[in-house]
Amino acid sequence: MVLLQQINFNGVFQCPSVNRPLVHRRRMRVHKSICSQAQTTIAPSRTQRIMEGISVNGEVGGAGGAYSYEALKRLDKIWSGICSAQTVFQEPQQVVSSIPGLFSRSDMGEKAVDTFDVIVCGGTLGIFIATALTCKGLRVAVVERNILKGREQEWNISRKELLELVESGILVEDDIDQATASKFNPNRCGFEGKGEIWVEDILNLGVSPVKLIEIVKKRFISLGGVILEGHGVSNICIYEDAAVLQLAEGKIMSSNLIVDAMGNFSPVVKQIRRSRKPDGVCLVVGSCARGFKNNSTSDVIYSSSSVKKVGDSEVQLFWEAFPSGSDPLDRTTYMFTYLDPQPESPKLEELLEAFWDLMPEYQGVSLDNLEILRVVYGIFPTYRDSPLPAAFNRVIQFGDASGIQSPVSFGGFGSLTRHLGRLSTGIYEAIDGDFVDSYSLSLLNPYMPNLSASWLFQRAMSAKQQSDVSTEFINELLHVNFQSMQRLGDPVMRPFLQDVIKFEPLAKTLGLVLITKPQIIPSIFKQVGIPVLLDWSVHFFMLGYYTFLSTFADPVIRSLLNAFPPKMKYEWKRYLEAWKYGAGLDYKL
């Protein structure tokens with residue numbers, strides 16, 4: 001701890017000695033008080049001391065790509081801004097603008113340094129869609145403001161999800177083995193001493209983003225893709241015949257379509273949403289540490305306590321923990337919570353302070369016996385009106401920027417693998433048929449009732465402030481739900497644990513919960529509120545309706561597709577995909 005020895009008052013003042021006259025002793029007490037206050041002000045937190053003692057190799061793009069204490073403070077400043085923001089719309093910086101006329105006949109046309117079919121802005125997840133499109137024969141460029149490199153911290157995923165990348169043509173199965181740093185089973189779910197449920201092959205792989213992105217990056221370049229590293233997006237101009245990207249460094253490039261893969265805090269998304277406060281947020285903190293002797297299983301979701309107070313806010317804390325591939329004794333532990341962004345919401349640093357207090361008991365270790373390798377943290381805002389429809393011609397959101405991920409998950413890699421094949425095919429067909437107007441592009445990010453239905457789960461898992469609901473309610477509700485899913489078997493449990501909601505499994509689970517635990521119903525109404533339940537009922541009905549359409553109407557319409565005109569065929573293919581994916585029927589055991 002740094003102790004303040006002297007304070008400047010138009011010069012250097014040293015705290016006076018006690019062997020002075022009375023007037024000096026009075027001054028001494030005043031100045032000792034000031035010294036004490038200054039010491040308290042500058043005393044570093046435990047989080048700061050830990051993080052500043054870790055060697056940091058530099059930041060990369062994407063969620064979780066920064067590990068330094070300075071980056072934590074920057075993100076906490078952004079989070080404070082979100083919490084203090086008004087619910088009303090604001091006018092952010094205008095990144096995208098529509099300009100009448102043809103780019104080819106404008107003054108800007110002569111300044112373009114290159115022309116592409118697609119430009120992808122944001123490379124960490126954008127490299128995946130870029131490679132998939134390049135595999136289809138399109139000329140694609142990726143613009144990344146940092147070095148295009150994966151983070152050190154592993155992504156936890158199931159092999160089934162990685163095989164989606166093989167089906168999309170951007171990987172072969174040997175690539176999966178090369179990028180996999182760790183494998184482990186079984187995987188635990190548990191809620192505050194109410195019993196444990198063990199499952200197999202759920203998020204049981206630790207994939208190295210460094211290796212995976214390097215593999216995909218090399219494949220992208222080998223197929224003729226272009227990568228511009230260290231380049232930021234300045235503005236996007238939409239003409240009738242092109243989308244024109246101006247980089248912060250002054251370069252100008254044109255394309256048929258721009259894919260916004262710049263994540264949760266994309267300036268384009270900020271413009272579209274007009275800086276509106278998110279409807280919900282998942283805050284995540286954690287660490288990768290060395291010193292875990294019992295390190296062969298994982299926790300998919302675990303709660304070791306009921307609602308707690310962190311900072312000025314009541315929160316329900318959950319855990320995830322996975323063995324790390326860097327060493328047999330290395331383990332990654334995440335602590336996360338769901339909440340509505342309010343001025344009293346805890347800061348990330350406050351959550352980390354709670355993490356250091358609670359993690360040792362949860363993991364059965366002493367913090368003194370651990371070597372902290374990395375500290376991780378993140379903010380994942382979510383909106384009810386997701387996925388985000390295209391707001392401009394020739395611009396579409398992808399990955400976290402589109403809001404396609406489940407509101408109860410943090411990080412969009414799993415949803416990316418699930419939707420990559422659908423989106424790459426749809427984007428290719430949109431460019432091939434010149435269907436790049438905002439309506440046609442919006443069909444690629446359609447309403448999905450299973451995604452909207454997940455909102456009830458986030459609200460149910462969020463602690464209410466000053467509530468008359470028991471502090472143990474959330475754990476009790478989750479336990480009875482997981483217990484019911486376990487009784488119903490893998491066809492119900494497995495899709496849910498991978499953020500895929502289906503009508504029949506959901507209906508069976510809710511029915512069994514109501515039969516086995518009817519006394520929990522009043523607390524559900526208090527916890528989530530009647531308006532939320534009514535809204536959810538609409539999405540639940542639509543989930544059943546989409547299931548019916550995909551099961552019975554899809555085969556009839558699909559047999560007629562080749563007789564449709566090109567634009568109509570494109571649109572109906574997107575409707576059929578929306579029914580299938582919106583009902584979770586793309587997921588196969």
Side-chain angles (χ1 to χ4, degrees), residues 63 74-98 121-122 125 233 235-236 238 258-284 313 337-348 378-393 395-412 415 438-439 441-442 444-449 451-459 461-462 464-465 528-529 531-532 534-536 538-539:
R74 289 198 303 269
L75 194 55
D76 251 340
K77 186 175 181 180
I78 293 172
W79 171 232
S80 296
I82 293 172
C83 291
S84 62
Q86 299 296 315
T87 305
V88 297
F89 294 102
Q90 302 175 30
E91 289 299 331
Q93 177 187 359
Q94 300 298 297
V95 179
V96 182
S97 57
S98 298
C121 300
L125 294 185
V233 174
N235 60 71
I236 299 169
I238 308 301
I258 289 179
V259 175
D260 171 15
M262 292 184 283
N264 290 308
F265 300 105
S266 159
V268 180
V269 173
K270 191 173 182 180
Q271 177 180 342
I272 295 171
R273 295 198 183 277
R274 297 170 64 186
S275 298
R276 176 163 64 90
K277 179 184 287 191
D279 297 309
V281 171
C282 178
L283 295 183
V284 185
S313 183
T337 187
Y338 304 103
L339 42 78
D340 295 329
Q342 300 296 334
E344 65 272 13
S345 295
K347 305 291 187 294
L348 289 168
I379 301 171
F380 299 90
T382 51
Y383 295 84
R384 288 183 181 274
D385 57 346
S386 294
L388 186 64
F392 309 99
N393 297 338
V395 178
I396 186 172
Q397 274 64 47
F398 173 79
D400 290 351
S402 71
I404 198 72
Q405 70 276 16
S406 166
V408 295
S409 68
F410 51 89
S415 65
S438 60
Y439 173 76
L441 294 176
S442 290
L444 294 168
N445 283 328
Y447 164 70
M448 293 188 178
L451 192 64
S452 298
S454 299
W455 265 102
L456 181 71
F457 308 137
Q458 192 194 73
R459 180 57 62 92
M461 295 167 73
S462 304
K464 293 188 71 173
Q465 308 303 310
V528 303
V532 173
L534 291 175
D535 179 66
W536 177 83
V538 174
H539 300 305

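The chain is numbered in sequence order, starting from 1. Everything numeric here is computed off the predicted structure, so don't read it as measured data.
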Measuring from [X]:[atom1] to [Y]:[atom2], what's the distance to the nearest 0.5 Å?
X    : Y    : atom1 : atom2 : value
M461 : Y338 : CE    : OH    : 4.0 Å
L75  : L348 : CG    : CG    : 5.5 Å
D400 : N264 : CG    : CG    : 4.5 Å
Q342 : S84  : CD    : OG    : 11.0 Å
S386 : R273 : OG    : CZ    : 4.5 Å
S345 : I82  : OG    : CD1   : 10.5 Å

message: side-chain contact (heavy atoms from CB on, under 4.5 Å) for V96 and N235? Distances and angles first, verdict last.
response: CA-CA 6 Å; V96 182; N235 60 71; over 6 Å; no

message: side-chain contact (heavy atoms from CB on, under 4.5 Å) for Q465 and L339? Distances and angles first, verdict last.
response: CA-CA 10 Å; Q465 308 303 310; L339 42 78; over 6 Å; no

task: Kindly write out the residues that satisfy ring pair (Phe, Tyr, Trp, His ring centres under 6.0 Å) with F457, not counting sequence neighbours, or none if the list is empty.
output: F496

Compare every heavy atom of [Y] with every heavy atom of [X], then report the nearest pair and how far apart it is.
X    : Y    : value
M262 : D260 : N-OD1, 3.1 Å
L441 : A390 : CB-CB, 3.8 Å
G280 : W455 : N-CH2, 3.8 Å
V269 : A401 : CG2-O, 3.4 Å
S415 : I404 : OG-CG2, 3.7 Å
V281 : T382 : N-OG1, 4.2 Å

- prompt: Does R276 make a cation-pi contact with Y383 (under 6.0 Å, within 45 degrees of the axis)?
  reply: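 No, cation not above the ring by the 6.0 Å, 45° rule.
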
statement: Contacts of Q405 meeting side-chain hydrogen bond (donor to acceptor under 3.5 Å, both in side chains) (sequence neighbours excluded), chain-then-number -> none

Flag the pair [X] / [Y] as yes when at least one side-chain heavy-atom distance between them is below 4.5 Å, and no otherwise.
X    : Y    : answer
I78  : R74  : no
W536 : V528 : no
D340 : S462 : no
I272 : Q397 : yes

query: Looking only at atom types and distance, does a side-chain atom of S402 sit under 3.5 Å from a main-chain N or O of G399, one as donor and one as acceptor?
result: yes

- prompt: Can you check whether F265's main-chain N or O pairs, donor with acceptor, with K270's side chain at less than 3.5 Å?
  reply: no

- prompt: Would Q271 and Q94 count as having a side-chain donor-acceptor pair, cut-off 3.5 Å?
  reply: yes

